[in-house]
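The structure appears right after this line, and notes come after that.
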Amino acid sequence: MQHAVGSPLPPPHQPGQGPHAGWASAPHQPAPYQSAAHPQGPHPGAPRRPAPVPPPPPGFPATPPGPVPPAPQQPPASHRPPAPQPPVPHPSTAPQQPPASPGPAPAQHAPAPSGHDATGHVPLPPGGPVGTPAAPPVPAPDPSAATLAVLLIGPAGAGKTSVAKYWADHRRVPTAHISLDDVREWVRSGFADPQSGWNENSEAQYRLARRTCGFAARNFLANGISCILDDAVFPDRPVVGLGGWKRHVGPGLLPVVLLPGLDIVLERNAERTGNRRLTDEEVARIHGRMAGWYGSGLPIIDNSQLDIPGTARVLDEVLARAIASPPSW
């Protein structure tokens, strides 16, 4: 075999032996069995040589020279003996197994539900509306301890002044009683007595007394003192009646109507003296006009069968409801 000119020759070695341990291929040396004449390998008819064995790593002994034992050759598949098969018993000689006793059927696992109602393989209960938790009960307000402005309305003989004084005397917080009739009587000379007829002078003094009462009530409330006022307010005259009180005292004023039967007011009016006592005709006319408060939305107390303490207790109950749900007037 001819080698290219200028390339080093490999060291001589015997068949089956690798090259010398200290020999390394030169750069650009053709691969084994390659030459310049045959770059793709040896001629098909040339004998094959074993591949060179690489040198061992440093610190390990070199492989002693000697023939390499050939790998064991396996015979062709056609010449291999068949693998032994286990004997198959004859049907007549095969042992008979006793029939299996019926047992509990294996548990059937339901397919896991899919969608929003499954977590892993645990089915969730169907969803439903969740009720809003109920709010804790709100305790009823105590009218005997709150700062209030109350207007007690009623005809002559209804007991407005007597009930107002008793209610103010028995409250747990400071409370003042303001009577419109008392303020009107502050005018000593030139007093316009309503018994002589309702005219411009009596109406002017009435308006002045109402403004004075409203001014006093606002001052009391500003200093933490409750007040209760009483007046014979007519439902058919809102400008000079209820509307005027609302303007002078404020929107927080709580009006309550005392309206006993006509026979009761006539009896009580007969017990009065001085300019506070009215004629029976005037009392009946005022009582008839007061009936217009029915259907107005204002709370009405019929105190025909109640004494003064009983009427004051009912007034507290009415005011507690009015504080929780103020009337629209």
Side-chain angles (χ1 to χ4, degrees), residues 150-170 176-210 212-213 227-238 240-242 244-245 253-296 298-316 318-319:
V150 182
L151 176 61
L152 209 55
I153 302 172
K160 302 183 300 297
T161 303
S162 300
V163 173
K165 287 181 178 180
Y166 183 91
W167 185 80
D169 289 340
H170 292 80
H177 170 230
I178 304 174
S179 175
L180 179 68
D181 289 341
D182 291 345
V183 175
R184 286 174 58 244
E185 291 177 356
W186 287 355
V187 180
R188 307 306 296 177
S189 178
F191 174 69
D193 192 351
Q195 294 187 20
S196 301
W198 190 263
N199 51 37
E200 292 181 0
N201 289 335
S202 59
E203 185 169 338
Q205 291 185 9
Y206 171 81
R207 290 176 182 269
L208 179 60
R210 187 181 58 195
T212 303
C213 292
C227 57
I228 182 169
L229 307 99
D230 64 88
D231 183 21
V233 181
F234 297 103
D236 54 352
R237 301 189 67 184
V240 297
L242 193 57
W245 281 112
L253 183 65
L254 299 175
V256 180
V257 180
L258 287 183
L259 193 54
L262 178 59
D263 55 339
I264 299 297
V265 297
L266 288 173
E267 180 182 346
R268 293 174 181 174
N269 179 68
E271 298 174 357
R272 292 182 172 185
T273 59
N275 61 357
R276 297 290 182 95
R277 181 174 178 175
L278 303 177
T279 63
D280 290 348
E281 293 77 8
E282 186 69 15
V283 171
R285 184 179 64 85
I286 294 175
H287 187 275
R289 293 177 64 182
M290 288 292 176
W293 287 118
Y294 286 103
S296 65
L298 296 185
I300 298 177
I301 301 176
D302 183 357
N303 58 332
S304 300
Q305 305 298 325
L306 298 174
D307 57 2
I308 294 177
T311 305
R313 287 193 298 270
V314 176
L315 178 61
D316 276 333
V318 170
L319 292 176

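Count residues from 1 along the sequence.
- Not counting sequence neighbours, D307 has no partner by the side-chain hydrogen bond (donor to acceptor under 3.5 Å, both in side chains) test.
- No side-chain heavy atom of Y294 sits less than 4.5 Å from a side-chain heavy atom of V257.
- Take E267 and apply the salt bridge (Lys or Arg N to Asp or Glu O under 4.0 Å) test, not counting sequence neighbours, and it matches no residue.
- Separating the CG atom in L242 from the CG atom in L151 is a distance of 6.5 Å, to the nearest 0.5 Å.
- Of all heavy-atom pairs between R272 and A156, the closest is NH1-CB, 3.8 Å.
- Residues satisfying the side-chain contact (heavy atoms from CB on, under 4.5 Å) criterion with T161, sequence neighbours excluded, are K165, H177, S179, D230.
- One distance of note links CG of L253 with CH2 of W245; it measures 8.5 Å at 0.5 Å rounding.
- Nearest heavy-atom pair across A284 and L262 is CA-CD1, 3.9 Å.
- Partners of R268 by side-chain hydrogen bond (donor to acceptor under 3.5 Å, both in side chains), not counting sequence neighbours: none found.
- Here the closest heavy-atom approach between residue P155 and residue V265 is recorded as CG-CG1, 4.3 Å.
- To the nearest 0.5 Å, atom CG of residue L180 and atom SG of residue C213 are 5.0 Å apart.
- A heavy-atom distance below 4.5 Å is not found between the side chains of L306 and V163.
- The side-chain contact (heavy atoms from CB on, under 4.5 Å) test applied to V318 returns V256, P299, I301, V314, R321, not counting sequence neighbours.
- The heavy-atom pair separating A209 from R184 by the smallest distance is CB-CG, 3.4 Å.
- Pairing each heavy atom of I308 with each of S162, the nearest pair is CD1-CB, 3.7 Å.
- The CG atom of D231 lies 3.5 Å from the OH atom of Y206; values are rounded to the nearest 0.5 Å.
- Looking at residues two or more places apart in sequence or on another chain, you find a salt bridge (Lys or Arg N to Asp or Glu O under 4.0 Å) between D182 and R276.
- Smallest separation of non-hydrogen atoms from L298 and P255: CD2-CG, 3.6 Å.
- By the side-chain contact (heavy atoms from CB on, under 4.5 Å) test, D280 is found to be paired with L266, N269, residues two or more places apart in sequence or in another chain being considered.
- Here CH2 of W293 is found 9.0 Å from CG of D236. Values are rounded to the nearest 0.5 Å.
- Considering only heavy atoms from C-beta on, L315 stays 4.5 Å or farther from Y166 through its side chain.
- Considering only residues two or more places apart in sequence or on other chains, E282 meets the side-chain contact (heavy atoms from CB on, under 4.5 Å) condition with L278, T279, R285, I286.
- The CD atom of E203 sits 12.5 Å away from the CG atom of L208 when rounded to the nearest 0.5 Å.
- For S304, the side-chain hydrogen bond (donor to acceptor under 3.5 Å, both in side chains) partners are D302, not counting sequence neighbours.
- In this structure R313 satisfies the side-chain hydrogen bond (donor to acceptor under 3.5 Å, both in side chains) test with no other residue, sequence neighbours excluded.
- No donor-acceptor pair under 3.5 Å is formed between the side chain of K160 and the backbone N or O of L152.
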